[in-house]
Amino acid sequence: MADPKSNGRKTDGTFAPGNALGGRTKGSRHKVTLAIEAMLEGDHEKLTRKAIDMALEGDGPALRLCLDRLAPPRKDAPISMELPAVKSAEDTVAASTAVLAAVSAGEITPDEAGRVMALLTAHRSIIEVGDLERRLAALEMKQ
């Protein structure tokens, strides 16, 4: 492969930082985007008004389009629930029991519970690794 200074690429084929050997300049837009903007020139407001009017008349897809722009669905939201302190691997059992109880009580959704359980699993793994390191260090000190 050619030297990055001569072809603008790193050895893995990606563009090198500060590549000045071509490529799209910052802020430039794709030709399809430019063509669509040219076609819609001056009609943005009319199209928006028409979509709103259709939504107000009960057109489901138009209503969904308008609402998605006004209030997009949340991708993630914080949840509030009581969990016992998790300081040992055994504590994760009590915490996961609390998560399951919150699901069964309707306090959190199963999807939210799955994400909390994943966090608990990761935390348990971290605790276990720390415990193993301490035990190994103690064994090494005895020798």
Side-chain angles (χ1 to χ4, degrees), residues 1-40 43-45 47-143:
M1 180 165 233
D3 181 36
K5 292 181 179 159
S6 64
N7 72 2
R9 294 185 181 267
K10 296 189 285 186
T11 55
D12 65 358
T14 58
F15 284 109
N19 178 15
L21 299 174
R24 200 178 291 274
T25 58
K26 264 192 177 177
S28 64
R29 297 194 326 262
H30 194 275
K31 61 183 173 184
V32 173
T33 303
L34 294 172
I36 291 171
E37 286 179 355
M39 286 172 41
L40 295 175
D43 293 331
H44 293 100
E45 289 180 28
L47 288 169
T48 303
R49 172 67 359 211
K50 180 67 175 176
I52 292 170
D53 290 343
M54 289 172 66
L56 292 173
E57 291 171 5
D59 185 316
L63 179 60
R64 189 173 303 113
L65 175 77
C66 291
L67 289 177
D68 283 347
R69 297 301 182 265
L70 291 172
R74 284 184 99 166
K75 302 275 191 248
D76 195 14
I79 60 171
S80 178
M81 64 177 292
E82 291 291 321
L83 284 179
V86 179
K87 295 182 180 177
S88 69
E90 295 82 27
D91 293 341
T92 59
V93 175
S96 66
T97 302
V99 171
L100 293 175
V103 171
S104 66
E107 296 170 3
I108 63 172
T109 67
D111 184 52
E112 292 168 333
R115 288 186 269 148
V116 172
M117 292 293 248
L119 290 171
L120 287 171
T121 301
H123 189 61
R124 186 196 73 226
S125 296
I126 292 168
I127 290 171
E128 287 173 346
V129 168
D131 288 346
L132 286 173
E133 284 183 357
R134 279 191 293 281
R135 291 171 62 193
L136 185 59
L139 285 172
E140 288 175 348
M141 291 295 282
K142 287 182 179 180
Q143 293 178 357

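Taking CG of D59 as the reference point, atom CZ of R64 lies at 9.5 Å (rounded to 0.5 Å). Here the CD atom belonging to E37 is positioned 6.5 Å from the NE2 atom belonging to H44, to the nearest 0.5 angstrom. Rounded to the nearest 0.5 angstrom, R69 CZ and T48 OG1 are separated by 10.0 Å. Separation of atoms CD (E112) and CD (E107) is listed at 11.0 Å; rounding is to 0.5 Å. The distance from atom CD of E90 to atom CD1 of I127, rounded to the nearest 0.5 Å, is 9.0 Å. The distance from atom OG of S28 to atom NE2 of H30, rounded to the nearest 0.5 Å, is 10.0 Å.
No salt bridge links K50 with D53; every basic N to acidic carboxylate O contact stays at or beyond 4.0 Å. Under a 4.0 Å N-O distance rule, the pair R124/E128 qualifies as a salt bridge.
Nearest heavy-atom pair across M81 and A98 is CE-O, 3.8 Å. Considering every non-hydrogen atom in both A51 and C66, the closest pair reads O-SG, 3.9 Å.
The one candidate from V93, V86, D91 that meets the side-chain contact (heavy atoms from CB on, under 4.5 Å) condition with L120 is V86. Partner of M117 under the side-chain contact (heavy atoms from CB on, under 4.5 Å) criterion, out of T92, V103, V99: V99 alone.
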